[in-house]
Amino acid sequence: MAQKPSIPKGTRDFSPLEMARRNYIFDTIKSVFSLYGFQQIETPAMENLSTLMGKYGEEGDKLLFKILNSGDWKAAVTHEALDNATIGALTNKVSEKGLRYDLTVPFARFVVQHREDIQFPFKRYQIQPVWRADRPQKGRYREFYQCDVDVVGTNSLLSEVELIQIVEEVYRRLGIRVSLHINNRKILAGIAEVIGQPERIIDITVAIDKLDKIGIDNVNKELLDKGLPQEAVDALQPILNLSGTNTEKLDQLEQVLAGCEVGLKGIEELRTIFALYAASTQDGNLATYEPSGLQIELDLCLARGLNYYTGAIFEVKALDVQMGSITGGGRYDNLTGIFGMPNVSGVGISFGADRIYDVLSELNLYPENLQSTTQLLFATFGEQELLYALGWAKALREKGVSVEVYPEPTKMKKQMSYADSKKIPFVAIVGGDEMTAGKVMLKNMLSGEQQLVTLEELVQLV
RNA sequence: GUGGUUAUAGCUCAGUUGGCAGAGCAUCGGAUUGUGGUUCCGAGUGUCGUGGGUUCGAGCCCCACUAUCCACCCCA
């Protein structure tokens, strides 16, 4: 028991069944991405630490997996440094690479590095694992897959709308009922400005992000604990208590944020996004901005931690399962600026494949027939029959049929059990009589019926 | 980083006041020497997470460690 091999905390093996289900998710997502003209890229698992550090805030830097330098990494560390240097400074000496933390920052690096070869607007998707040195728990892993779609090089809000449509279509195909929460960083900035605390935007958003979890009283308490003046907290109350339809909320907000340029800009952006989305749905109603397709909710409590977002931000939650967000993203106006390429706006979202997997599992929403790949198994009674089956198998494979030959002529019961456990729909039994007749006994594993058939008949039947 | 949970057969878990180590599922064999899924019969498997302590005696009580899951922080 204790000596059994294991894998690192927060990582997982995937069995054939799990892979079949994961591929179902990936294939569904990919096919929707393609419908909107996004093309796939990949980037390396490891990036230079200089690329990753400082992009995810203080917390993010701590959660980066860092790779120890190859060779004599110890040479760079003097006794003096060991005693005096900070952890960060010491880390820089012994590690210059790290595992990617998400796909967005490597993508920004990709865009800047390959800018000469890229036609803008650039629409790419990327499905790869990312790593975070987090403490694992439900729906949280140290290695997990993200499915990112981003479009960079355009300010058009049509991109936001396309992403919303993609969300809608992916979850429609997967059969998951979801709600999409939307907000805008500019509105959050406007709120901070209006209550007179523009530089406290991060503390404010982090606190109100918890509103539906811990309640308004605790949010207020946390804001006061963080050192916000009572007047500012009081000024915030009408904003936290907004209600009604999205349109009504925006109207109320417009009053509150009157005269605040950045806040009004955010409101205008959301109005445009709602209008464009409504226009894109067949029964859309421009007057109400309440399209029927997907439940979209303006949620001022939505903040999102990654601090490179500057415009609209999204988060998607499953309605029928208790789980963190399964998709999230937003617009970032200047992510490439960090890498020396300013004025390239981008917007993107990320589907959390592993959480989607957990949601589908809990709701039992996987299609039945995901697993079987083999169409026909040859079961044989002896060495001669085995060779005979080999020839047939080759012929069938040339016709595009997935065929297995049971590798040894053991007891029929064992060979049948194998077919059964792999859900192989047909078994061709080969014995002396069949060989003499130049046929095989084809058994339908579902109905139990069997018949003697020639190769030509076999091709027709399976 | 903080708090809690759990750790017993391949898997899921029982195990009473401290007194012989258990069940279901899975696996294997047989009923059925050319036929799976259903049924019946039979069989095997344990460093009770690791190390120490208390006790005549510890799976059970105490301590430490490790792993695990859950919650917080943060996030997909």
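Side chains are part of it too, since the values below use all heavy atoms of this structure and drop only hydrogens, waters and symmetry mates. Each chain gets a letter, A, B and so on, in the order its sequence line appears, and its residues count up from 1.
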Short heteroatom pairs, N/O only, protein and nucleotides 38-43 of chain B, under 3.5 Å:
none

Quiz prompt | Atom P, compared across B:C48 and B:A21: separation rounded to whole Å | solution = 11 Å

Quiz prompt | Rounded P spacing from B:U68 to B:A7 in Å | solution = 15 Å

Practice problem: Tell me which nucleotide among B:U2, B:U35, B:C74 gets nearest to the side chain of A:Lys443. | Solution: B:U35

Self-check item: Stacked cation flag A:Arg331 on A:Tyr309, 6.0 angstrom / 45 deg
Solution: no

Quiz item: Closest to the A:Ser417 side chain: B:G30, B:A71, B:G36?
Solution: B:G36

Practice problem: Compute both the distance and the angle, then confirm whether A:Arg124 meets the cation-pi test with A:Phe107: under 6.0 Å from the six-membered ring centre, within 45 degrees of the axis. | Solution: yes

Practice problem: Would you mind reading off the distance between A:Lys414 atom NZ and B:U27 atom P, rounded to a whole angstrom? | Solution: 10 Å

Exercise. Taking atom CE of A:Met435 as the centre, report whether more than 12 heavy atoms of other residues, nucleotides or ligands fall under 6.0 Å from it.
Key: yes

Quiz item: Can you list the stems that include RNA chain B, where a stem is three or more consecutive Watson-Crick or G-U pairs with distances under 3.5 Å?
Solution: B:1-4 with B:69-72, B:10-13 with B:22-25, B:27-31 with B:39-43, B:49-53 with B:61-65

Quiz item: Is there a side chain to side chain contact (heavy atoms under 4.5 Å, CB included) between A:Gln126 and A:Cys147 once you walk through the steps?
Solution: CA-CA 6 Å; A:Gln126 189 171 353; A:Cys147 312; over 6 Å; no

Exercise. Could you tell me whether A:Glu362 and A:Arg355 have a side-chain N and a carboxylate O separated by less than 4.0 Å?
Key: no

Quiz item: With respect to the phosphate group of B:U68, does any side-chain polar atom (N or O) of A:Lys9 fall under 4.0 Å of OP1 or OP2?
Solution: yes

Quiz item: Expressed as a whole number of Å, how far does the P atom of B:C25 sit from that of B:C62?
Solution: 35 Å

Exercise. Sticking with atom P, work out how far B:C65 lies from B:C74, rounded to a whole angstrom.
Key: 28 Å

Quiz item: Base, sugar-phosphate alone, or nothing: which one does A:Lys62 contact when heavy atoms must sit under 4.0 Å apart?
Solution: nothing

Quiz item: Can you tell which of B:G36, B:U35, B:U68 lies closest to the side chain of A:Ile429?
Solution: B:U35

Quiz item: Do the charged groups of A:Lys443 and A:Glu449 touch, with an N to O distance under 4.0 Å?
Solution: no

Quiz item: What nucleotide, of B:C75, B:G36, B:G34, holds the atom closest to the side chain of A:Phe381?
Solution: B:G34

Quiz item: Between A:Lys123 and A:Glu162, is the closest basic N to carboxylate O distance under 4.0 Å?
Solution: yes

Exercise. Output the single nucleotide from B:G30, B:A71, B:G34 whose closest atom is nearest the side chain of A:Glu434.
Key: B:G34

Quiz item: Counting any heavy atom closer than 4.0 Å, what does A:Gly60 reach on the DNA or RNA strands: base, sugar-phosphate only, or nothing?
Solution: nothing

Practice problem: Compare the minimum distances between each of B:U35, B:G34, B:C74 and the side chain of A:Leu63, then state the nucleotide with the smallest one. | Solution: B:C74

Practice problem: Using the P atom as the reference point in each nucleotide, state the distance between B:C56 and B:G49 in Å, no decimals. | Solution: 24 Å

Quiz item: A:Gln146 near the nucleic acid: base, sugar-phosphate alone, or nothing, with a heavy-atom cut-off under 4.0 Å?
Solution: sugar-phosphate

Exercise. Look at all strands and tell whether A:Leu446 reaches a base, only sugar-phosphate, or nothing, counting heavy atoms closer than 4.0 Å.
Key: base

Self-check item: Closest to side chain of A:Arg355, choosing from B:C28, B:U35, B:C75
Solution: B:C75

Self-check item: A:Tyr145/A:Phe26 under ring-ring contact (aromatic ring centres under 6.0 Å, His included): CA gap, chis, key distance, verdict
Solution: CA-CA 10 Å; A:Tyr145 276 72; A:Phe26 291 138; 5.5 Å; yes

Practice problem: Would you kindly compare A:Lys138 and A:Ser325 by the position of their nearest RNA chain B nucleotide and give the one closer to the 5′ end? | Solution: A:Lys138

Quiz item: Could a donor-acceptor pair under 3.5 angstrom be found where the side chain of A:Gln415 meets the base of B:U35?
Solution: no

Self-check item: Ionic contact status for A:Glu169 with A:Arg172, cut-off 4.0 Å
Solution: yes

Practice problem: Taking only the side-chain nitrogens and oxygens of A:Gln137, find out if one of them lies under 4.0 Å from OP1 or OP2 of B:A71. | Solution: yes

Quiz item: Checking all strands, does A:Glu385 fall into the base, sugar-phosphate, or nothing category for heavy-atom contacts under 4.0 angstrom?
Solution: nothing

Quiz item: Considering only the P atoms, how many Å lie between B:A76 and B:G15, rounded to the nearest integer?
Solution: 41 Å

Exercise. In whole angstrom, give me the gap between the C1' atoms of B:U8 and B:G22.
Key: 10 Å

Quiz item: So what does A:Tyr145 hit on the nucleic acid, given a heavy-atom distance under 4.0 Å: a base, only sugar-phosphate, or nothing?
Solution: nothing

Quiz item: Stacking check: are the rings of A:Tyr418 and B:G36 less than 5.5 Å apart at their centres and under 30 degrees in tilt?
Solution: no

Self-check item: Candidate pair A:Phe33 and A:Phe351, rule ring-ring contact (aromatic ring centres under 6.0 Å, His included), full reasoning
Solution: CA-CA 11 Å; A:Phe33 288 174; A:Phe351 289 80; 5.8 Å; yes

Practice problem: Look at the side chain of A:Arg135 against the base of B:C70 and say whether a donor-acceptor pair falls under 3.5 Å; ignore hydrogens and angles. | Solution: no

Practice problem: Look at atom CD of A:Gln384 and say whether more than 12 heavy atoms of other residues, nucleotides or ligands are closer to it than 6.0 Å. | Solution: no

Self-check item: Pairwise C1' distance for B:G10 and B:C75, with rounding to whole Å
Solution: 35 Å

